[in-house]
J.: 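Sending over a structure as structure tokens; questions will come in a sec.
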There are 2 protein chains.
Amino acid sequence: MGRIPPATVKRLCFYLHLLERLKKEGKEYVSSKELAERLDLTDTQVRRDLVYFGKMGKRGMGYEIEKLIKELRKILKIEKPRRAILIGAGNLGTALLASPFFRKRVEIVAAFDADINKVGRRIHGVPVYSDCEISRVVREMGIKIAILTTPPDVAPDIAGILINAGIQGILNFTPASIKSPPGVFIHDVDLTMELEYLSFFVEEE
Amino acid sequence: MGRIPPATVKRLCFYLHLLERLKKEGKEYVSSKELAERLDLTDTQVRRDLVYFGKMGKRGMGYEIEKLIKELRKILKIEKPRRAILIGAGNLGTALLASPFFRKRVEIVAAFDADINKVGRRIHGVPVYSDCEISRVVREMGIKIAILTTPPDVAPDIAGILINAGIQGILNFTPASIKSPPGVFIHDVDLTMELEYLSFFVEEE
DNA sequence: ATAAAATAGTGATTTTTTTCACAAGGTCAA
DNA sequence: TTGACCTTGTGAAAAAAATCACTATTTTAT
């Protein structure tokens with residue numbers, strides 16, 4: 001499998017979620033045309049994206065939903081929910097822990113917080129450790145993915161600890177920018193930025 | 001100002017946030033080279049993005065940070081924080097209301113929830129109304145932007161109400177897909193999807 | 001005042017991504 | 001079995017985005 005454009009990877013996630021909905025609705029096959037319509041893409045683009053990973057469709061029929069879901073989960077490396085840790089059990093962190101959708105798709109094995117009142121407790125079933133235990137837990141459990149929801153001022157330091165301990169992917173919800181050394185992938189999600197992006201397309205009052 | 005590529009709009013948000021950090025650090029000018037390095041882009045790309053909106057730099061000097069921030073805020077239509085409503089005062093909704101960063105950048109004038117125990121109260125200073133008042137409030141206040149953090153099963157119905165009442169942009173945090181009629185811009189943010197995207201780039205354990 | 005260094009802006013080019021157009025299979029009803 | 005109908009997969013073309021290479025300014029050090 002050659003180099004996959006990031007835009008395609010993003011779309012794979014969309015396909016996967018839509019396919020899971022379609023499966024729940026009891027459908028067995030779906031065409032690139034229908035996928036495209038529901039996701040505001042073109043059918044050619046859907047087929048191009050999918051053909052990166054081999055010929056997965058049946059001419060005349062479309063794509064077998066069950067099979068394609070399996071395939072996409074394999075490609076995205078989420079056949080089993082991936083194990084991850086959460087750093088920062090504040091409002092957003094707690095909201096993620098509380099979300100059944102989120103919890104269904106990722107196995108959060110531990111949370112960390114600087115607040116000693118939270119340490120030792122469980123939040124929505126997830127044990128909370130002290131920040132100083134991050135390194136040990138990451139190493140002992142071989143965790144590769146961290147979700148960062150700390151205050152922004154401590155984020156770079158925490159990121160340093162994470163990377164040092166062997167974390168390879170950070171989902172960064174803080175507005176702080178994290179420098180990524182080679183081999184570590186940082187994916188920034190800035191919720192205010194999403195709003196500002198939207199704002200551009202909406203007339204002023 | 002011609003048609004701006006969405007990818008450029010996305011990057012404008014990045015520029016703006018970085019510039020605000022640089023301003024806080026006391027800098028007055030910044031070069032396309034430095035912006036590029038800090039955001040993992042090329043300097044040419046930064047200049048191309050900015051030149052869509054006129055010649056904003058000074059040769060030999062770079063870009064005047066203060067001026068460029070003003071300009072970007074104008075372009076993104078956020079000279080004043082935009083007014084928006086929040087639908088669904090659950091975990092994520094409450095986390096957004098609690099975030100000082102988020103609150104600084106958008107004026108959330110009202111929240112709505114189906115739970116009558118929440119209605120009439122205030123959450124982090126924002127009054128909570130019943131879902132059935134959405135239409136009235138949107139019209140009376142001329143709100144254009146809504147943030148959707150309801151359970152996914154009610155999301156399409158709520159979206160219908162919003163669009164009917166004249167909302168023009170929806171920031172959709174639910175995994176439900178909302179069909180956008182012409183003139184209404186839907187921006188989906190699916191936090192689980194962000195994690196799955198990251199997963200693709202991180203080796204399995 | 002001058003030369004060297006820095007930096008924005010841009011035409012031309014290259015690369016990447018998307019779309020078009022259609023052949024090659026496959027389905028399905030009669 | 002036949003023929004009409006779908007739908008995938010794909011070479012070629014088009015469009016979009018990014019980069020290169022260079023020019024035009026401006027600053028700064030001497």
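Computed from heavy atoms alone, side chains included, the values below leave out hydrogens, waters and symmetry copies. Chain naming here is simple, since letters A, B, ... match the order of the sequence lines and numbering starts at 1 in each.
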J.: Rounded to whole Å, please give me the gap between CZ in R47(B) and P in dG11(C).
T.: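 In whole Å, dG11(C) P and R47(B) CZ are 14 Å from each other.
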J.: Once the angle between the rings of Y197(A) and H187(B) is folded into 0 to 90°, is it parallel (under 30°), tilted (30 to 60°) or perpendicular (over 60°)?
T.: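 If you compare the ring of Y197(A) with that of H187(B), the planes turn out tilted.
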J.: Taking the minimum atom-to-atom distance to the side chain of S31(B), which one of dT18(C), dT8(D), dA8(C) wins?
T.: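 Nucleotide nearest to S31(B)'s side chain: dA8(C).
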J.: Does any N or O donor sit under 3.5 Å from an N or O acceptor when you compare the side chain of R48(B) with the base of dT19(D)?
T.: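 Between dT19(D) and R48(B), which were checked side chain against base, a qualifying N/O pair under 3.5 Å is present.
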J.: Give the rounded distance in Å between these two atoms: CD of Q45(A) and C1' of dT10(D).
T.: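 So the two atoms are 16 Å apart, to the nearest Å.
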J.: Atom NZ of K33(B) and atom P of dC20(D): how far apart are they, to the nearest Å?
T.: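 Computing the K33(B):NZ to dC20(D):P distance gives 15 Å.
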J.: State whether the number of non-hydrogen atoms from other residues, nucleotides or ligands found under 6.0 Å of K179(B) atom NZ is greater than 12.
T.: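 More than 12 heavy atoms, drawn from other residues, nucleotides or ligands, come within 6.0 Å of this atom.
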J.: If the cut-off is 4.0 Å, is T42(B) near the phosphate of dT19(D), judged by side-chain N/O to OP1 or OP2?
T.: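 So the side chain of T42(B) is within the cut-off, an N or O lying under 4.0 Å from OP1 or OP2 of dT19(D).
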J.: In whole Å, I'd like the distance from the CE atom of M61(A) to the C1' atom of dC6(D).
T.: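 In whole Å, dC6(D) C1' and M61(A) CE are 11 Å from each other.
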J.: Starting from P on dA8(C), measure out to CG on D49(B) and report it in whole angstrom.
T.: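 Those two atoms, CG and P, are 13 Å apart.
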J.: Contact class for T44(A) (heavy atom, under 4.0 Å): base, sugar-phosphate, or nothing?
T.: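 Contact class for T44(A): base.
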J.: Assuming nearest nucleotide by heavy-atom distance, tell me which of A7(A) and V51(B) is located more 5' along DNA chain C.
T.: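 By nearest-heavy-atom nucleotide position, the 5'-most residue is V51(B).
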J.: Could you tell me whether the side chain of R59(A) has a donor or acceptor atom within less than 3.5 Å of a complementary atom in the base of dT8(D)?
T.: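 Present.
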J.: Check this one for me: any side-chain N or O of Y52(B) less than 4.0 Å away from OP1 or OP2 of dG9(C)?
T.: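 For dG9(C), neither OP1 nor OP2 has a side-chain N or O of Y52(B) closer than 4.0 Å.
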J.: Do other residues, nucleotides or ligands put more than 12 heavy atoms under 6.0 Å from the NZ atom of K10(A)?
T.: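 Atom NZ in K10(A) is packed in, count exceeds 12.
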J.: Under 4.0 Å from OP1 or OP2 of dG9(D): is there any side-chain N or O of Y63(A) that close?
T.: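 For Y63(A), the contact criterion (side-chain N or O under 4.0 Å from OP1 or OP2 of dG9(D)) is met.
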J.: May I have the distance from L12(B) (atom CG) to dA17(D) (atom C1'), rounded to whole angstrom?
T.: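 Taking atom C1' of dA17(D) as the reference, CG of L12(B) is at 15 Å.
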J.: Between S32(B) and dT7(C), is there a side-chain N or O to OP1/OP2 distance below 4.0 Å?
T.: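 Checking dT7(C) against S32(B), no side-chain N or O comes under 4.0 Å of OP1 or OP2.
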J.: Extract all donor-acceptor atom pairs below 3.5 Å that involve side chains of residues 144-168 of chain A and protein atoms in other chains or at least two apart in sequence.
T.:
| residue | atom | partner | partner atom | Å |
| --- | --- | --- | --- | --- |
| T149(A) | OG1 | I87(A) | O | 3.1 |
| T149(A) | OG1 | G88(A) | O | 2.6 |

J.: Under 4.0 Å, heavy atoms only, any strand: does G57(B) hit a base, just the sugar-phosphate, or nothing?
T.: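 Sugar-phosphate, no base atom in range.
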J.: Does NZ belonging to K33(A) count more than 12 external heavy atoms closer than 6.0 Å?
T.: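 Result for NZ/K33(A): open.
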J.: What's the NZ-P distance between K58(B) and dT7(C), to the nearest Å?
T.: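 So the two atoms are 14 Å apart, to the nearest Å.
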J.: CG of D40(A) versus C1' of dT18(C): gap in Å, rounded?
T.: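 One finds 15 Å between C1' of dT18(C) and CG of D40(A), rounded.
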